[in-house]
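Heavy-atom basis, side chains included; hydrogens, waters and symmetry copies ignored.
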Amino acid sequence: MHELSVAISIVQSITDATAAEDHGQIAAVNVRVGAMSGVIPEALQFAWTPATRDTPLQGSELRVEFIPAAIYCENCSDTVELPGQRLVCPVCQTRSPRLVRGRELDILSVELQPESQHAS
């Protein structure tokens with residue numbers, strides 16, 4: 001389960017980016033995961049709790065936006081979303097090496113705990 005190492009990398013990136021200032025408690029982290037990124041969203045969410053233990057992100061929520069893969073099909077002259085991970089147009093069955101989305105693994109945003117909830 002390499003998602004644990006991915007989760008630890010996300011935690012480290014956010015910890016490094018926020019270390020210089022006290023931003024308060026982090027409530028949630030929003031990430032984007034593409035279908036062809038090699039990361040299983042459910043496994044990443046499962047790994048979040050152990051990855052954040054004893055860090056400034058402990059107790060935060062991980063929100064994952066899943067991005068389906070899409071290819072550009074030369075035969076159809078169109079971008080088509082793939083139902084799976086085969087690089088074959090679902091309309092005309094032509095193979096295409098032109099993946100236009102689905103490799104994403106991005107940290108989108110970090111949400112902070114409101115100040116009144118942080119004090120407790």
Could I get the full list of side-chain contact (heavy atoms from CB on, under 4.5 Å) partners for [X], not counting sequence neighbours?
X	value
R32	E65, I67, E104, D106, L108
I8	L4, A51
A17	none

Residues in salt bridge (Lys or Arg N to Asp or Glu O under 4.0 Å) contact with R98, at least two apart in sequence or another chain: E74
Listed partners of R63 passing salt bridge (Lys or Arg N to Asp or Glu O under 4.0 Å), at least two apart: E61, E111
Nearest-0.5 Å distance, SG of residue C73 to CZ of residue R95: 12.5 Å
Which pair of heavy atoms, one from [X] and one from [Y], lies closest together, and at what distance?
X	Y	value
A69	M36	CB-CG, 3.6 Å
G34	F66	C-CE1, 4.3 Å
I71	C89	CD1-N, 3.6 Å

Partners passing side chain to side chain donor-acceptor pair (under 3.5 Å) against R101 (at least two apart in sequence or in another chain): E81
Residues in side chain to side chain donor-acceptor pair (under 3.5 Å) contact with S109, at least two apart in sequence or another chain: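 Side chain to side chain donor-acceptor pair (under 3.5 Å) check on S109 returns N30.
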Contact list for residues 35-59, test salt bridge (charged side-chain N to carboxylate O under 4.0 Å, His left out), sequence neighbours left out: none
Any L82 side-chain heavy atom under 4.5 Å of P90 side chain: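 In short, these two side chains touch, coming nearer than 4.5 Å.
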Any side-chain heavy-atom pair of L99 and R103 under 4.5 Å: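 In contact.
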Co-members of V100 in a cluster of I, L, V, M, F, W and Y side chains, linked at under 4.5 Å: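 Its cluster partners, ordered by chain and number, are Y72.
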Other ILVMFWY residues reachable from V39 by side-chain steps of under 4.5 Å: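 Reading the cluster by chain and number, V39 sits alongside V6, I10, V11, I14, I26, V29, V31, V33, L44, W48, L57, L62, V64, L105, I107, V110, L112.
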Pairs involving residues 3-20, ordered by first then second residue, that meet side chain to side chain donor-acceptor pair (under 3.5 Å) (sequence neighbours left out):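 Only Q12-D16 qualify under side chain to side chain donor-acceptor pair (under 3.5 Å).
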